[in-house]
Amino acid sequence: MPLPYSELVMEHFRHPHNVGRIEDADAKSVEGSPACGDMVAVYLKVDPETHRIADIKFESYGCASNIATGSIITELAKGKTLEEAKGITWQQASEALGGLPPIKTHCSVLAVDGLQAAIQNYEERHGLVKERVPTTVEVVRKRLKRVMNPVTGLDVVRTKLVRDIEVAEGKVRVVIDLPADHQFAPSIREEVMEKVGHLWDVEQVTVEFTE
Ligand code: FES
């Protein structure tokens, strides 16, 4: 039975706004949903003076709800300051779309998480993080829960690919249980660097593979 999508959801799904990538983005995020294994990427261009979102684009590897939510939240975020955009919630996105079936809540949560992670990425890259929590093994592990294992579509922690994490004096070492010549090793390395490398007290990240 087809899901009862509103006309607005269908319209944003058929003709999504702000789809694509920004090659010279000031910040980006890739988030995956533990519920379904789908992914969304969000790219930002931010005015360095006003901290307004000058441009925003997204790529979705998710379903119609995810695409429609990505479309609506990028519209809501464009032109807003980072602080204002931080206030955008999945409930707002869902309301703006005329509602989503409850079974599809995680799809709009995924899109909003993508936006919030891109904002966080900008703040980390530009030294704007206010809460300076020291980086620990647990902080790194939490970050790695947002690195996808493309083999399974779930994150690298849940799929037990993280063999070891060490944190000492600004240096982070992550050992991934995959051969270095595995086809996904370069993208996992890049994702780990992206998620961990911008933490305020991290100076160096080393990603090692087991074979
Ligand atoms: Fe995965 Fe909707 S089912 S994003």
Side-chain angles (χ1 to χ4, degrees), residues 18-46 55-63 66-67 70 74 106-107 110-127 129 135-211:
N18 310 310
V19 169
R21 69 171 58 205
I22 300 175
E23 291 302 340
D24 60 341
D26 297 321
K28 66 169 189 175
S29 70
V30 180
E31 291 293 303
S33 166
C36 64
D38 288 331
M39 291 199 266
V40 67
V42 177
Y43 304 84
L44 297 181
K45 284 297 271 183
V46 177
D55 197 10
I56 176 165
K57 291 212 183 310
F58 79 102
E59 294 172 307
S60 165
Y61 307 94
C63 66
N66 183 254
I67 292 169
T74 50
H106 72 268
C107 315
L110 173 61
V112 174
D113 281 354
L115 169 66
Q116 299 305 340
I119 294 172
Q120 190 180 33
N121 181 248
Y122 183 89
E123 293 185 330
E124 287 175 358
R125 285 188 189 203
H126 294 81
V129 177
T135 298
T136 60
V137 168
E138 262 329 292
V139 169
V140 173
R141 192 183 309 280
K142 213 164 150 202
R143 288 293 171 114
L144 296 182
K145 284 187 183 161
R146 288 162 40 192
V147 174
M148 296 314 265
N149 170 1
V151 181
T152 60
L154 293 170
D155 70 82
V156 291
V157 174
R158 184 187 287 240
T159 53
K160 301 197 175 7
L161 275 195
V162 179
R163 167 83 60 96
D164 198 15
I165 302 170
E166 283 172 17
V167 179
E169 292 168 8
K171 296 191 174 61
V172 177
R173 177 173 167 266
V174 176
V175 183
I176 300 289
D177 202 358
L178 270 185
D181 60 357
H182 190 280
Q183 62 166 322
F184 293 129
S187 65
I188 289 178
R189 183 197 299 276
E190 196 185 318
E191 274 298 301
V192 173
M193 306 292 260
E194 185 59 47
K195 295 286 198 272
V196 180
H198 300 296
L199 287 165
W200 69 278
D201 56 350
V202 171
E203 287 160 19
Q204 190 189 333
V205 182
T206 318
V207 183
E208 292 171 20
F209 295 89
T210 44
E211 292 166 46

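If you read the sequence from its start, that first residue is 1, and numbering goes on from there.
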Derivation of the side chain to side chain contact (heavy atoms under 4.5 Å, CB included) call for T136 and V167: CA-CA 6 Å; T136 60; V167 179; 5.9 Å; no
Is there a salt bridge (charged side-chain N to carboxylate O under 4.0 Å, His left out) between K171 and E203? Walk through the geometry before answering. CA-CA 6 Å; K171 296 191 174 61; E203 287 160 19; 5.1 Å; no
After noting the C-alpha distance and the side-chain angles of E138 and K142, does the key distance pass the side chain to side chain contact (heavy atoms under 4.5 Å, CB included) rule? CA-CA 6 Å; E138 262 329 292; K142 213 164 150 202; 6.0 Å; no
Between V156 and V192, is the side chain to side chain contact (heavy atoms under 4.5 Å, CB included) condition met? List the steps. CA-CA 10 Å; V156 291; V192 173; 5.7 Å; no
K57/E23 under salt bridge (charged side-chain N to carboxylate O under 4.0 Å, His left out): CA gap, chis, key distance, verdict: CA-CA 10 Å; K57 291 212 183 310; E23 291 302 340; over 6 Å; no
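Residues V175 and T210 have side chains in contact (heavy-atom distance under 4.5 Å, counting atoms from C-beta outward). In this structure, M148 and E191 have side chains that are not in contact, with every pair of non-hydrogen atoms separated by 4.5 Å or more. Residues Q116 and E31 fail the side-chain proximity criterion, which asks for heavy atoms closer than 4.5 Å.
Salt bridge absent: K195 and E124 never bring a charged side-chain N and a carboxylate O closer than 4.0 Å.
At most 12 heavy atoms of other shown residues, nucleotides or ligands fall within 6.0 angstrom of atom CD in E190.
Taking both residues in full, the closest heavy atoms of A180 and A185 are given as O-CB, 3.5 Å, listed atom of the first, atom of the second, then distance. In this structure, I67 and G62 approach most closely via the heavy-atom pair CD1-O, 4.0 Å. Taking each heavy atom of F209 and L178 in turn, the nearest pair found is CB-O, 3.0 Å. Nearest heavy-atom pair, E59 versus Y61, reported as atom, atom and distance to 0.1 Å: OE1-OH, 3.8 Å. Between V42 and L115, the shortest heavy-atom distance links the atoms CG2-N, 3.8 Å. Across every non-hydrogen atom of H106 and S33, the tightest pair is CD2-OG, 3.6 Å.
Note that CG of D155 and CG of L144 are 8.5 Å apart. Values are rounded to the nearest 0.5 Å. Note that the CD atom of E208 and the CZ atom of R189 stand 9.0 Å from one another [nearest 0.5 Å]. For the atom pair CD1 of I56 and CD1 of I119, the computed distance is 7.0 Å after rounding to the nearest 0.5 Å. Separation of atoms CE (M193) and CD (Q204) is listed at 8.5 Å; rounding is to 0.5 Å. Here the NZ-CZ distance, from K160 to R158, works out to 10.0 Å after rounding to the nearest 0.5 Å.
Without hydrogens or angle criteria, N121 side chain to S29 main chain gives no donor-acceptor distance under 3.5 Å. Counting only distance, with no hydrogens or angles, the side chain of D26 and the backbone of V46 share a donor-acceptor pair below 3.5 Å. For D177 (side chain) and R163 (main-chain N/O), no donor-acceptor pair under 3.5 Å exists by modelled atom type.
Of the residues V140, V147, V174, V207, the one that meets the side chain to side chain contact (heavy atoms under 4.5 Å, CB included) test with V196 is V140.
Ring geometry for H182 versus F184: interplanar angle of 30 to 60°, hence tilted.
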